[in-house]
**Student:** 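Sharing a structure here in structure tokens format.
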There are 2 protein chains.
Amino acid sequence: MVDAENAAPASIGARKVPATIYDIARVAGVSPSTVSRALNKPGRINAKTEQRIKEAAASLDYRLNPMARALPTGRTGTLGLLLSDITNPVYFNLVRGAERVTAEEGYTLVLAESQESAEVEIETAERLLPSVDGLVLVSTRLADEDLRELAERKPLVLVNRELDAVPTIVPDVAPGIRDALDHLAELGHRSLAFLAGPPASFMSRLRWETLLDEAPSRGMTIVEIGPGAPTLEGGREGLRRVRASGVTAVIAYNDLMAIGLLRACQDAGIAVPEQLSIIGFDDIFGSDFTTPPISTIRTPLDLAGEAAVHRLIAAVDRSGNGDGRELATEFVLRGSTAAARS
Amino acid sequence: MVDAENAAPASIGARKVPATIYDIARVAGVSPSTVSRALNKPGRINAKTEQRIKEAAASLDYRLNPMARALPTGRTGTLGLLLSDITNPVYFNLVRGAERVTAEEGYTLVLAESQESAEVEIETAERLLPSVDGLVLVSTRLADEDLRELAERKPLVLVNRELDAVPTIVPDVAPGIRDALDHLAELGHRSLAFLAGPPASFMSRLRWETLLDEAPSRGMTIVEIGPGAPTLEGGREGLRRVRASGVTAVIAYNDLMAIGLLRACQDAGIAVPEQLSIIGFDDIFGSDFTTPPISTIRTPLDLAGEAAVHRLIAAVDRSGNGDGRELATEFVLRGSTAAARS
DNA sequence: GGTAGTTTGTCAACCGATTGCCACCGCGGC
DNA sequence: GCCGCGGTGGCAATCGGTTGACAAACTACC
């Protein structure tokens, strides 16, 4: 019993205490401020002293305490990435790209999700804000007003949303859409439908507007069906209206909806692509698992993630590096399109 | 020029400065320490004063600075989640479960990945360690030695890895495996193969060991093929050895490998499930997109993520809540198995 | 040798909270 | 009238770094 009482707190509680610059100063025989400068102002200090301090630091297994540094400098060294739904495969590559650049630049990434709710989103942003140097908001559902308010507290970068005075990363949807439409036109399709996503989605509107611009000039008619949830289920639910519309090809707001629609077709005995051609957006993981594999308009979200973080870091440390590469979408031809049924 | 010099820093730089407890103290006419107590030691202060302080705080739109609090208390209020590959769909639900509980408990989650490399993993863990209260390591590739070292610096919870003296979340693979084997036995399969994952993977070994225990008692032979990368490609590459082995059914280390193998079979003109039955692990997103959809042994990773964070928080704030629910796997029957070819 | 100029390192204040210790207040009891 | 006490609130140290101002030491030049 005595053993247990002693052992437990000792093993659970008494963790190794990290070394501080004061420890290093003592070992190296200098003052703490000298240690601080030796460690992050190379050259400010005599080379020999610097060397001695670095050795002391190494021997003590020193690691800088980010919290302690954040206090006087105001820089936390972490960036926040806020998205609507972490489990949505659309964002996988975006997260990965963002994570890569963040680590590369010596920052730390904090990830959070808003569960498709504007309320949760603003709360989460508030919670994150004090401990990050800046925030990337992906496909935000917030109002312009809220965004502006956030932007005046910490640097902000938006992905898939445009707002003046706030840095923005929006892929150029036109190239992919044009190629997809050309492809459908060649196959003889004359009447299309766009299966729309959530009403608050900037991206859904942008895709629809672009289709609306581009389809007529190719001699095709196009109608909007929806809005619907950007999920498998949302795609399934579109089938009734797709059938009723009499179109020969559907472009869905995203791959998830395209796959949902495809499966609904299969359940209903509609042959894809023979009776209906389907095209998605984003080229998510798994969109080539289906039979037929989904043709899709790929959004380079990995690049978008990278660009967003680059831009954010530029804003955080005032290095003017705008990094204004264009992020062009691209049509990926697979098996879900065929000649229009006559 | 004077204008520009004044304007630029003003608009770019002069963000809203957050209020501190000193501001509140001034407004409420008390000392900062009283403010601190009013805000987080309810009752310690006269009710009227407390009220006044809270109103002042609200009117100033006060938000506590987590960094400043972390310094004296040593508690940062954030937890780290480290996994080998963020884009691996296996972890999606785990991440989501972890994120949910973390937010629920008022903590913040930091996500990082190690890119399947032990070296990157230890570096990343080191980088995260000073700014988190504890760490969850998922499917770690680190040696026991390294893990023990980390564990004595900050609370640690392992998922998919066992190590004495460190809290561990390992799903119980046996139930799912037993059901899968029963199913295959019923279909007349007598010789199986296990398509192994990475050599350093504890989970791969655990699954193999369990198969090794359970198959013979059902009158089936089983061989291990691999190790291989836990990816589509890794699954594809297994086909040659699967064919050579003459087995009638394959259980792959995970769904990704199962899907890779399936696609390789399709390319090679081998009918699945007629000529070869395939079963995966994990029930990842997309494993039901294929034709045939993959039968799989589902691991409740969302629960694992939740349990891991609960456990970690218990360790962090010494609330003894062990939360020792068992996480049983479950066989999900879909279309990739059929009677053994004679 | 004296003076100016340049390194190099130290002092001390500060970032925004937390917390142990103490002082003050009013009150009741003896 | 004095003492003790519980309830409030303030003082000041502290966490671990950063940084402007300055002093000491050294260099160089006349």
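The figures that follow rest on heavy atoms only: side chains count, while hydrogens, waters and symmetry mates do not.
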**Student:** Looking only at side-chain atoms of Leu71(A), point me to the closest of dG10(D), dG16(C), dT18(C).
**Tutor:** dG16(C)

**Student:** So, does Lys41(B) get its side chain near the phosphate of dT18(C), meaning an N or O under 4.0 Å from OP1 or OP2?
**Tutor:** no

**Student:** Between Arg75(A) and Val316(A), is any pair of side-chain heavy atoms under 4.5 Å apart?
**Tutor:** yes

**Student:** Considering only dT18(C), dT19(D), dG16(D), which nucleotide approaches the side chain of Asn40(B) most closely?
**Tutor:** dT18(C)

**Student:** Measure the distance from CD on Glu50(B) to P on dG9(D) and round it to the nearest whole Å.
**Tutor:** 10 Å

**Student:** Expressed as a whole number of angstroms, how long is the span from Arg63(A):CZ to dG16(D):P?
**Tutor:** 15 Å

**Student:** Considering only dC15(C), dA17(C), dG17(D), which nucleotide approaches the side chain of Ala68(A) most closely?
**Tutor:** dG17(D)

**Student:** Could you state the atom-to-atom distance from CG of Leu60(A) to C1' of dG16(D) in whole Å?
**Tutor:** 15 Å

**Student:** From C-beta outward on Arg69(A), which listed nucleotide comes closest to its side chain: dG17(D), dA17(C), dT19(C)?
**Tutor:** dG17(D)

**Student:** Expressed in angstrom and rounded to an integer, what is the separation of Asn65(B) atom CG from dC15(C) atom C1'?
**Tutor:** 9 Å

**Student:** Between atom CG in Leu39(B) and atom P in dA17(C), what is the gap in whole Å?
**Tutor:** 9 Å

**Student:** Please give, in whole Å, the distance from dG10(D) C1' to Asn46(B) CG?
**Tutor:** 15 Å

**Student:** Does dG10(D) have its OP1 or OP2 closer than 4.0 Å to a side-chain nitrogen or oxygen of Ser31(B)?
**Tutor:** yes

**Student:** Does Asp61(B) pair with Lys16(B) as a salt bridge, N-O distance under 4.0 Å?
**Tutor:** no

**Student:** With a 6.0 Å cut-off (strictly less than), is the heavy-atom count around CD of Glu126(A), excluding the residue itself, greater than 12?
**Tutor:** yes

**Student:** Students often get this wrong, so: under 4.0 angstrom with heavy atoms, is Thr20(A) touching a base, only sugar-phosphate, or nothing?
**Tutor:** sugar-phosphate

**Student:** Identify, between Tyr22(A) and Ala47(A), the residue whose nearest nucleotide on DNA chain C lies closer to the 5' end.
**Tutor:** Ala47(A)

**Student:** Please work out if Lys48(B) contacts a base, only the sugar-phosphate, or nothing of the nucleic acid, heavy-atom cut-off 4.0 Å.
**Tutor:** nothing

**Student:** For dG17(D), does the base pair up with any side-chain atom of Arg37(A) as donor and acceptor (N or O, under 3.5 Å, distance only)?
**Tutor:** no

**Student:** Determine, for Asp146(A) against Arg148(A), whether the closest basic-nitrogen to carboxylate-oxygen distance falls under 4.0 angstrom.
**Tutor:** no

**Student:** Should Leu135(A) and Leu79(A) count as side-chain neighbours, where that means a heavy-atom distance under 4.5 Å?
**Tutor:** no

**Student:** Nearest to the side chain of Ser36(A), heavy atoms from C-beta on, is which of dT18(D), dG10(D), dA17(C)?
**Tutor:** dT18(D)

**Student:** Need to verify one output field. Residue with the more 5' nearest nucleotide on DNA chain C, Pro32(B) or Thr73(A)?
**Tutor:** Thr73(A)

**Student:** When we call it a touch if two heavy atoms are under 4.0 Å apart, what does Val30(B) touch: a base, just sugar-phosphate, or nothing?
**Tutor:** sugar-phosphate

**Student:** Any donor-acceptor pair under 3.5 Å joining the side chain of Arg44(A) to the base of dG9(C)?
**Tutor:** yes

**Student:** Atom CE of Met67(B) and atom P of dT18(D): how far apart are they, to the nearest Å?
**Tutor:** 14 Å

**Student:** Rounded to whole Å, how long is the line connecting atom CZ of Arg75(A) with atom P of dG16(D)?
**Tutor:** 22 Å

**Student:** Would you tell me whether Arg141(A) and Ser117(A) have side-chain atoms, one donor and one acceptor, within less than 3.5 Å of each other?
**Tutor:** no

**Student:** Any idea which of dT10(C), dG10(D), dA17(C) is nearest the Leu64(B) side chain?
**Tutor:** dA17(C)

**Student:** As a test of reading the structure: which of dT19(C), dG16(D), dT19(D) is closest to the side chain of Ser33(B), going by heavy atoms?
**Tutor:** dT19(C)

**Student:** From C-beta outward on Ile21(A), which listed nucleotide comes closest to its side chain: dG17(D), dA17(C), dC11(C)?
**Tutor:** dG17(D)

